[in-house]
Amino acid sequence: MRPDTPATPAENDRADHVAEAERLERTAAMYPEDAEQLLLQAAAHYELADARERATAHYDALLASPDVQAPALVRALKAANLWEYGHEAEARAIITGIRTTAPREPAPWVIAAESLESHDELQEAHDTFTEALELLVPAAERAPGSPSPLPRHPLLLGRHRVRRLMGAPHDEWDALADEANRTAVSLDELHDPKRLWALGSENPAELQAEITRLRAELGSYREALSRPFPVAVLHWSSTEYAELIAAYPSLTSEYPSYEAHLASIEEALRELSASGTGNLGIVTGTVPSYEAFAASEASSPSEASLLPQYATTLAARGRAVVWPPEDGALCWCGSGSSYGACHGQ
């Protein structure tokens, strides 16, 4: 575009997304402990700006890092992005790899399945959703009326949507999806393939019905976005714990021993759960991050009162992992044993 040519709205939007991505890159360089989340956001803005090669470069850099925290999620995002600009074979290979490695968190499955769905690979999308549900939903939670944790709802709803597009009859998973639906409009209506036709209708009644459906969907999205971050308890790995106590001996009053520290985490979470508190989690701290937080609060890291504030800040940044872990998952303490055989006993 020539400098003297006014930019179109679309060009302005792309420029805004690129500018935001570059701002996030600078922020990531300043806060390495949050770099992964910030760079994923930057990659998303590059995708919105149609600068998909730059987004892929971020995904590749994260996957090459030995400290990547969510490799399956990054691979799924990379596959979805690659498919959008002509690298279908590579995207399919990555999605196949995700299905083979079977990650224990829902997000990679959802992204992979929705990528297949968006390219009309409905049977593959359906199979991906189904594999994820069979892996992540314990048998005890598949009975009608069983509570389904919120992170799994996108799997149930996505599978229902794909089956509706395929014209498949309802099954047991679809019944659970109906129970998970929190809108005033049934899933059969929300996922009706004919809804798109209604958008081109000149009949006011049909248009009003579609507006009602869209409002119901928007309400569910707003509810998800407004969901509070977990009530989180702070955990230190053994290495970070040793460094913390060596640097700030006064914190031994809070952490008399590493074993006592681990036991107090499980005890606190069980007490919170017994009191009716939901949405519980664990955040893992690092000494440099804690020191930076203390500096931002104009306080000393030796102040024990800072520890719960630090935990809340990490949770607000999306760093919490859900407690209790799912059946068969590794224990949160880092022992390498399953939760049931470790602190879950």
Side-chain angles (χ1 to χ4, degrees), residues 70 72-73 76 80 98-99 102-118 122-196 209-231 273 276-281 318 320-329:
L73 174 62
I98 291 170
R99 294 172 66 178
R104 301 291 300 190
E105 60 274 6
W109 291 98
V110 173
I111 294 167
E114 289 183 346
S115 181
L116 290 164
E117 178 189 355
S118 67
L122 297 183
Q123 186 61 54
E124 288 293 311
H126 171 273
D127 293 345
T128 303
F129 277 126
T130 304
E131 288 171 18
L133 287 167
E134 290 175 347
L135 175 70
L136 299 178
V137 180
E141 296 180 12
R142 301 180 190 180
S146 300
S148 179
L150 289 168
R152 295 176 191 147
H153 285 184
L155 292 170
L156 289 167
L157 301 183
R159 184 179 183 276
H160 185 286
R161 181 179 62 248
V162 170
R163 288 177 66 82
R164 194 76 169 86
L165 291 169
M166 296 170 66
H170 267 47
D171 62 7
E172 294 178 354
W173 289 118
D174 290 325
L176 289 179
D178 287 331
E179 292 183 8
N181 177 33
R182 296 181 171 224
T183 69
V185 180
S186 71
L187 287 185
D188 279 344
E189 287 189 67
L190 288 174
H191 297 160
D192 186 353
K194 296 180 181 179
R195 286 180 59 195
L196 294 177
E210 183 59 22
I211 290 171
T212 301
R213 295 187 188 102
L214 291 172
R215 282 176 174 166
E217 287 184 285
L218 181 60
S220 64
Y221 289 139
R222 283 176 172 167
E223 180 184 359
L225 290 172
S226 63
R227 194 172 300 126
F229 53 82
V231 176
S273 179
T277 304
N279 198 17
L280 299 173
V321 296
V322 175
W323 181 92
E326 296 180 350
D327 292 344

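All values reported here derive from a predicted model rather than from experimental measurement. Positions are given from 1, in the same order as the sequence printed here.
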- Is there a side-chain contact (heavy atoms from CB on, under 4.5 Å) between Glu179 and Leu156 once you walk through the steps? CA-CA 10 Å; Glu179 292 183 8; Leu156 289 167; over 6 Å; no
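No side-chain heavy atom of Asp178 sits less than 4.5 Å from a side-chain heavy atom of Ser186.
Pairing each heavy atom of Glu326 with each of Arg104, the nearest pair is OE1-O, 3.8 Å. Across every non-hydrogen atom of Ala125 and Ala113, the tightest pair is CB-O, 3.4 Å. Val110 and Pro154 get closest at one heavy-atom pair: CG2-CB, 3.9 Å. Of all non-hydrogen atoms in Arg159 and Trp173, the two that sit nearest each other are NH1-CB, 3.1 Å. The two residues Leu136 and Pro103 have their closest heavy-atom pair at CD2-O, 4.0 Å.
Ring pair His160/His191 is tilted by interplanar angle, where 30° to 60° counts as tilted.
Between the OG1 atom in Thr130 and the CG atom in Leu155 there is a gap of 10.0 Å [rounded to 0.5 Å]. Arg164 contributes atom CZ, which lies 10.5 Å from atom CG of Asp174 (distance to the nearest 0.5 angstrom). Between the CZ atom of Arg163 and the CG atom of Leu187 there is a distance of 13.0 Å, given to the nearest 0.5 Å.
For the salt bridge (charged side-chain N to carboxylate O under 4.0 Å, His left out) condition, the pairs that include at least one residue of residues 125-135, sequence neighbours left out, are Arg99-Glu131. The salt bridge (charged side-chain N to carboxylate O under 4.0 Å, His left out) contacts involving residues 105-117 comprise Glu114-Arg161, Glu117-Arg161, where partners must be two or more places apart or lie in separate chains.
When the options Thr128, Ile111, Leu122, Val162 are evaluated for a side chain to side chain contact (heavy atoms under 4.5 Å, CB included) with Leu116, the one that passes is Thr128.
With sequence neighbours excluded, the residues satisfying side chain to side chain contact (heavy atoms under 4.5 Å, CB included) with Ala102 are Trp109, Leu135.
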